[in-house]
Participant: 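Before anything else, here's the structure in question.
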2 protein chains.
Amino acid sequence: MSHDGATLTARAFKDAVYEQFARITKALASPVRLEIVDVLAQGERTVDALAREVGQSLANTSQHLRSLKEARLVEARRDGTFVHYRLADPQVIEVWRAVRALGERQLAEIERTVAAYLGDADGFESVTADDLQRRLAEGEVVLLDVRPDAEYRAGHLAGARSIPVGELAERLAELPPDATVVAYCRGPYCVMSYDALAILRDHGRRGVRLAEGLPDWRAAGRPVQGGHGLG
Amino acid sequence: MSHDGATLTARAFKDAVYEQFARITKALASPVRLEIVDVLAQGERTVDALAREVGQSLANTSQHLRSLKEARLVEARRDGTFVHYRLADPQVIEVWRAVRALGERQLAEIERTVAAYLGDADGFESVTADDLQRRLAEGEVVLLDVRPDAEYRAGHLAGARSIPVGELAERLAELPPDATVVAYCRGPYCVMSYDALAILRDHGRRGVRLAEGLPDWRAAGRPVQGGHGLG
DNA sequence: CATATGCTCAATAGATTACTTGATCAAGGC
DNA sequence: GCCTTGATCAAGTAATCTATTGAGCATATG
């Protein structure tokens, strides 16, 4: 049954192989690290910025990054006193997207959590990437990136303009009064676009939400502007 | 910044969402459970069969299955005194494939482990799915499924014939003497096709290996025969 | 009804993980 | 050289996870 070149038993070989792949799944087996991966999918971040974003202490964030780095999911680069982390491979985003797709299909709790935060009454309309690309071509809509400015600069959907959600209320005048706004942010579970729609609605503007974020858009091979490498 | 329908803070919302997705990654964060998923990707199994396959005790296997079931990655069906487990969704295979692809790109240790088992001297040739489909059309090769008979019956590549690796030595006469044999089994880390090639070589036959297994073939949308649903 | 089989459950010990705190380190500014 | 900032490291505690053991449950059979 076993072949001649073996220096391991078949069992030991399998153990070793699955052990290696489990390094990856173990690295992802934490809500905090999943969130870190999700944020890094937008572009690189310093440890301090990540820590604030995910609501963890600096030391704890640093240690989570260390375990992600040991599993080769992220890489670091030092710049003065700052250390910038980034995803080590675009395939990391693919794994996260696959997990997300599975959760959406299998875990009803996720839908309930989203509904609990948004309140069923909100009923914000969302559009698919296909819809959007057709409507963009027809010039019907304004595409609005509501993420922080730095993320817009690190890469954004082709044709999008930037107004971070925190500045949206005071910068409404920049948007043509009659156009429908399509707002997007980091991804399907990012709340910035929801918040942006609420602001638009409160000021009598029409707005819809793009359900996907930049990483999903990029993964689908759609046009991106201004990105630098891995986003 | 926060919108009016909220009954959770943005932070609590994110925590809840990532916590849910982490149920999936935690369920996969074990070499044993990864192997269980890999085996179930071939088709459903009883607890006892799985336990023997993965080299774990019955009780331990049952508990691993329980945690996979709680994360909605597998489902069970009772048949007499047997309980058959199967993957709850084809997307589970996609997650596993994404993890595998990432590991192959990032973890040099995996390549070394494979080389240590196979011995560098073996140098078995492998073909891609595209190669195979072209050569099959030209009638140059015999496609051989070397997995156990039950797995062949649960679904196999279109046009494949079945000789389980354990019976290959005594059933060599069934193969046309001059044809090149393309052997496949469960996937890239399954050793049955390697063992089959060693047997063929020892009897002076020409054989190559298909690097992918049935689940990968199916995921690529290529033709499968005799499968029943989720494989 | 008694028994066997296939599986699940509960209890446990040992290992691993998560987060905190405080010390330390590396690079840059004064 | 000293101080500040951003990040890492080490130690400690609480919580969680893994595999084992043995008991218990469901289904089928004699």
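Scope of the values below: all heavy atoms of this structure, side chains included, with no hydrogens, waters or symmetry mates.
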Participant: Using the side-chain heavy atoms of B:Ser57, tell me which of these nucleotides is nearest: D:dT20, D:dT8, C:dG6.
Facilitator: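 Nearest nucleotide to the side chain: D:dT20.
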Participant: Relative to each other, are the rings of A:Phe82 and A:His84 parallel, tilted or perpendicular (30° and 60° limits)?
Facilitator: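 Tilted: the ring planes of A:Phe82 and A:His84 meet at 30° to 60°.
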Participant: Any carboxylate oxygen within less than 4.0 angstrom of a Lys/Arg side-chain nitrogen, looking at A:Glu174 and A:Arg161?
Facilitator: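 No.
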Participant: Measuring from the side chain of B:Gln56 (C-beta onward, heavy atoms only), which nucleotide among D:dT20, C:dA18, D:dT18 has the closest atom?
Facilitator: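 The answer is D:dT20.
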Participant: A:Val47 side chain: which of D:dA7, D:dT18, D:dT27 is closest?
Facilitator: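 It is D:dA7.
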Participant: From CG of A:Leu58 over to P of C:dT20, roughly how many Å is that when rounded to an integer?
Facilitator: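 Value for this atom pair: 12 Å.
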Participant: Below the 4.0 Å mark, does D:dT8 have OP1 or OP2 next to a side-chain nitrogen or oxygen of A:Arg66?
Facilitator: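 No, A:Arg66 has no side-chain N/O under 4.0 Å of OP1/OP2 on D:dT8.
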Participant: Relative to the 5' end of DNA chain C, which residue comes earlier, B:Phe82 or A:Asp79, by the nucleotide with the nearest heavy atom?
Facilitator: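 Nearer the 5' end of the strand: B:Phe82.
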Participant: Take the angle between the ring planes of A:Phe21 and B:Trp96 and call it parallel below 30°, perpendicular above 60°, tilted in between.
Facilitator: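 Perpendicular, since the angle between the ring planes exceeds 60°.
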Participant: Nearest whole Å is fine: how far is C:dG6 P from B:Arg45 CZ?
Facilitator: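 Between P of C:dG6 and CZ of B:Arg45: 17 Å.
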Participant: Of the nucleotides C:dT5, C:dC7, D:dC9, which has the atom closest to the A:Ala59 side chain?
Facilitator: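 Closest of the options to the side chain of A:Ala59: D:dC9.
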Participant: Using OP1 and OP2 only, check whether a side-chain N or O of B:Arg78 sits under 4.0 Å from C:dG6.
Facilitator: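 Checking B:Arg78 against C:dG6: no side-chain N or O falls below 4.0 Å of OP1 or OP2.
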Participant: Could you work out which one of D:dT18, C:dA10, D:dT27 sits closest to the side chain of B:Gln63?
Facilitator: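 Nucleotide nearest to B:Gln63's side chain: C:dA10.
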Participant: Looking for any heavy atom pair under 4.0 Å, which part of the strands does B:Ser67 touch: base, sugar-phosphate only, or nothing?
Facilitator: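 Nothing, no nucleic acid heavy atom in range.
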Participant: When you measure from the side chain of A:Thr81, which nucleotide among D:dG6, C:dT8, D:dC17 comes out closest?
Facilitator: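 Between D:dG6, C:dT8, D:dC17, the one nearest the side chain of A:Thr81 would be D:dG6.
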Participant: State the OH-NZ distance between A:Tyr85 and A:Lys69, to the nearest 0.5 angstrom.
Facilitator: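 If I round to the nearest 0.5 Å, the distance is 4.5 Å.
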Participant: From C-beta outward on A:Asn60, which listed nucleotide comes closest to its side chain: D:dA19, C:dC7, C:dC19?
Facilitator: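 Looking only at heavy atoms from C-beta outward on A:Asn60, the closest nucleotide is C:dC19.
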Participant: So if I take every side-chain heavy atom of A:Ser30 and compare against C:dC19, C:dA18, D:dC17, which nucleotide ends up nearest?
Facilitator: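 Nearest nucleotide to the side chain: C:dA18.
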Participant: To the nearest Å, give me how far apart NE2 (B:His84) and P (C:dG6) are.
Facilitator: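 That distance rounds to 11 Å.
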Participant: So for atom CD, which belongs to B:Glu111, do other residues, nucleotides or ligands contribute more than 12 heavy atoms lying within a distance under 6.0 Å?
Facilitator: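 Incorrect, the count does not exceed 12.
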Participant: Heavy atoms under 4.0 Å, any strand shown: does B:Thr46 hit a base, just sugar-phosphate, or nothing?
Facilitator: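 Sugar-phosphate only.
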Participant: Could you tell me whether A:Asp48 contacts a base, only the sugar-phosphate backbone, or nothing, with contacts defined as non-hydrogen atoms closer than 4.0 Å?
Facilitator: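 Touches sugar-phosphate only.
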